[in-house]
Amino acid sequence: MGAMTKSMKSMPDMAAMDMSVLQACMDACAACEQACTVCSTQMMDCSPACMNCADMAGTMMRSMLRMQGMTAASMMAMLDACIAMCQTCMDECMQHAGHSDVCRMCAQACKDCMDACMAVKDMMMASA
């Protein structure tokens, strides 16, 4: 994470950011992408939401890896989109969580991703 941290901190308004919060968000996005991808293969009613959420979480993570091209406004919009998609997927998967361990795992990964994205948003707003 050293090279990434150095690159991120060189960007305007990033010096005050806690890089561990950003790393935790990227990790949660990666885990969410994986869980949603696995869940989407079950071919349940939640599959479309899982596929969309996997794409959104992966895009969020990759965007955070190359933040030099991001503005605060675009970052906030992406975080909001990721949170919204995770909420949709979590709600869908919770309908099957009683009889599917995979859906329960996916819903938890979505919740963790939402929480991590909110932590980044909160940090960005506090440092603005």
Side-chain angles (χ1 to χ4, degrees):
M1 188 163 97
M4 182 179 72
T5 299
K6 188 175 183 178
S7 174
M8 286 179 167
K9 287 201 176 221
S10 69
M11 295 170 17
D13 301 323
M14 290 301 288
M17 300 282 257
D18 182 346
M19 293 298 121
S20 65
V21 174
L22 294 171
Q23 184 63 53
C25 187
M26 286 185 278
D27 292 345
C29 286
C32 184
E33 179 183 29
Q34 292 170 19
C36 289
T37 298
V38 169
C39 194
S40 71
T41 65
Q42 294 190 108
M43 304 308 289
M44 298 176 99
D45 293 343
C46 59
S47 290
C50 292
M51 288 184 279
N52 289 337
C53 191
D55 288 345
M56 185 67 229
T59 299
M60 184 76 245
M61 185 232 0
R62 286 186 301 281
S63 295
M64 291 178 77
L65 285 171
R66 56 178 181 266
M67 289 181 63
Q68 293 84 352
M70 298 284 275
T71 63
S74 63
M75 178 74 158
M76 285 292 217
M78 291 219 29
L79 289 164
D80 285 337
C82 192
I83 290 166
M85 195 63 246
C86 284
Q87 182 70 58
T88 298
C89 186
M90 184 181 76
D91 291 347
E92 287 289 322
C93 285
M94 285 305 294
Q95 294 179 28
H96 309 116
H99 60 273
S100 170
D101 290 338
V102 173
C103 283
R104 191 170 32 263
M105 173 211 48
C106 185
Q108 184 61 54
C110 289
K111 169 94 170 73
D112 294 344
C113 189
M114 286 188 316
D115 291 346
C117 287
M118 282 303 302
V120 172
K121 279 186 66 171
D122 291 346
M123 181 177 60
M124 288 177 69
M125 290 189 292
S127 71

Exercise for review: Starting at CE of Met60, measure out to SG of Cys32 and round the result to the nearest 0.5 Å.
Suggested key: 12.0 Å

Check your understanding: Between Met64 and Val120, which heavy-atom pair has the shortest distance, and what is it?
Key -> CE-CG2, 4.2 Å

Review point. Is Ser74 reaching over with its side chain to a backbone N or O of Met70, donor-acceptor style, under 3.5 angstrom?
Key: no

Point to revise | Transitive ILVMFWY side-chain link Met76 to Met61, under 4.5 Å | key: yes

Exercise for review: Kindly work out whether a path of hydrophobic side-chain contacts (I/L/V/M/F/W/Y, heavy atoms less than 4.5 Å apart) joins Met75 to Met125.
Suggested key: yes

**Study point:** side-chain contact (heavy atoms from CB on, under 4.5 Å) evaluation trace for Met85 with Asp55
**Key:** CA-CA 10 Å; Met85 195 63 246; Asp55 288 345; over 6 Å; no

Point to revise | Qualifying residues under side-chain hydrogen bond (donor to acceptor under 3.5 Å, both in side chains), relative to Ser63, sequence neighbours excluded | key: none

Point to revise | Distance in Å, Cys36 SG paired with Met56 CE, rounded so as to fall on 0.5 Å steps | key: 12.0 Å

Point to revise | From CE (Met78) to CZ (Arg62), nearest 0.5 Å | key: 9.0 Å

Review point. Can a donor-acceptor pair be found between the side chains of Gln108 and Asp112 at a distance below 3.5 Å?
Key: yes

Point to revise | Minimum-distance pair of heavy atoms, taken over all atoms of Leu79 and Cys25 | key: CD2-SG, 4.5 Å

Exercise for review: Please assess Met114 against Met118 for the test side-chain contact (heavy atoms from CB on, under 4.5 Å), listing each intermediate value before the final yes or no.
Suggested key: CA-CA 6 Å; Met114 286 188 316; Met118 282 303 302; 5.6 Å; no

Check your understanding: For Asp27, which residues count as a side-chain hydrogen bond (donor to acceptor under 3.5 Å, both in side chains) partner, sequence neighbours excluded?
Key -> Gln23

Review point. Short question: side chain of Ser127, backbone of Met124 - any donor-acceptor pair under 3.5 Å?
Key: yes

Check your understanding: Under 3.5 Å, side chain of Ser40 to main-chain N/O of Ser47, donor-acceptor pair present?
Key -> no

Practice item. Identify the two heavy atoms, one from Met123 and one from Asp18, that lie closest to each other, and give their separation to 0.1 Å. Key: SD-N, 3.1 Å

Study note, to complete from the structure: Sorted by chain and residue number, the side-chain hydrogen bond (donor to acceptor under 3.5 Å, both in side chains) partners of Asp80 (sequence neighbours excluded) come out as Lys121

Check your understanding: How long is the gap from SG on Cys117 to CG on Asp122, to the nearest 0.5 Å?
Key -> 11.0 Å

Check your understanding: Looking at Glu33 and Ala54, what are the two nearest heavy atoms and their distance?
Key -> CG-O, 3.4 Å

Study note, to complete from the structure: CG of Asp45 to SG of Cys93, rounded to nearest 0.5 Å, is 10.5 Å

Point to revise | Derivation of the side-chain contact (heavy atoms from CB on, under 4.5 Å) call for Cys46 and Cys89 | key: CA-CA 7 Å; Cys46 59; Cys89 186; over 6 Å; no

